[in-house]
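This is a predicted model, so every value here is computed, not measured.
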Amino acid sequence: MQINGLTGITSVAAGYQHSLFLKSNGTVWACGQNGYGRLGDGTDTNKSTPIQVSGLSGITAVAGGRSHSLFLKNDSTVWACGGNWYGRLGDGTKINKSIPVQVSGLTGITAVAGGGSHSIFLKNDGTVWACGWNTYGQLGDGTIISKLTPVQVNGLTGITAVLGREYYSLFLKNDGTVWACGENHLGQLGDGKTTDRSTPAQLRGLTGITAVVAGWDYSLFLKNDGTVWACRWNNYGQLEKSTPVQVSGLTGIMAVAGEIFHSLFLKSNGTVWACGRNSNGQLGNGTTTDKSTPMQVSGLTGITSMAAGYQHSIFLKNDGTAWACGRNANGQLGDGTGVDKSTPVQVTNLCKS
């Protein structure tokens, strides 16, 4: 029997230090760091157990950015809350919002992604739109000028998935190729160069890609054969490459997640493996020791999806419960405490319908 457990969850997402949970009834719940109102409850007070995001129903997808949150409704509109400097909320202002507001001028949206200070939106016609900070060209519109409302990313069609990271963006095409724009001084765009790009370029040597994910300054790519490839992995267990190389020892992978300095890999048998930095227990193996090769997350089976935040990880089980581990200083694990956890604990306080 579940007691005070988070149940009926269909999707999880992680921001920098906050967590988002989408329920089967279309409501969204959130916990963790609430600076600038990123939890969407009308306050800026941190929450150590999930609270309902105000005024939202019919939500089908959620995404977290560094200091903001994005919500896709079943009418294909997008809503956003949190920090809004540079215009990342896309409502035409730079004013922070603690209750979600509608992103201006968007219809037909099928997917959303949050970057460090920008937001990305995929339309049902395969085009991509973006708003917010653009100093490194991460909006992909050919400029380095920030945008308060969404603008179209140049030259992209047939896109099926989008992903934003601190200073760059990734786009997956329906032909299995990957494209990227933004900051590139460490080779994280995987185009074989170290020059920032304000329009998307194709990543070299990648085909058959089914999912993409990015950390602070590295990128992961899941192939249709269940292998994982990466570029510019850092010294927490990541190879310094400006073109993708295969991650050793991983097969049968069906999903990947990553943030800052750690990475998560979901296998087809429902187990999760993790590597990278582990200072707060975010790898979930009962230690705080960094791992340069993937190790299994302790005690988890039946996992269907996962998300990685800043030094914390979230896992969704096939029974609709959510589990989390890692940094918990702001309550982002949702277990009602502020204590870090090196093995996954159940997210609490969401038995409500």
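- Side-chain atoms of Asn84 never come within 3.5 Å of backbone atoms of Asn96 as a donor-acceptor pair (strictly under, hydrogens ignored).
- Checking Arg327 against Gln17 by side-chain atom types alone, a donor-acceptor pair falls below 3.5 Å.
- Donor-acceptor pairing under 3.5 Å is recorded for the side chains of Thr93 and Lys97.
- When only modelled atom types and interatomic distance are considered, Asn278 and Thr287 share a side-chain donor-acceptor pair under 3.5 Å.
- Applying the 4.5 Å side-chain rule to ILVMFWY residues, one finds Leu70, Leu72, Val78, Val103, Ile109, Val112, Phe121, Trp129 in the same cluster as Leu106.
- A pairwise comparison of heavy atoms in Ser104 and Pro150 identifies O-CD, 3.5 Å as the closest pair.
- The closest side-chain donor-acceptor pair between Asn34 and Thr43 falls under 3.5 angstrom.
- For the 3.5 Å distance criterion, the side chains of Ser48 and Asp335 fail to qualify, holding no donor opposite an acceptor.
- Linking ILVMFWY residues whenever their side-chain heavy atoms come closer than 4.5 Å, directly or via other members, leaves Ile120 and Leu170 in distinct clusters.
- Side-chain contact check for Asn46 and Asn330: at least one donor-acceptor pair (N or O, by modelled atom type) lies under 3.5 Å.
- Using modelled atom types, no side-chain atom of Ser119 and backbone atom of Gly114 make a donor-acceptor pair closer than 3.5 Å.
- To the nearest 0.5 Å, atoms OG1 (Thr289) and CE (Met295) are separated by 9.0 Å.
- For the ring-ring contact (aromatic ring centres under 6.0 Å, His included) with Trp133, the qualifying choice from Tyr168, Tyr167, Trp85 is Tyr167, the only one to do so.
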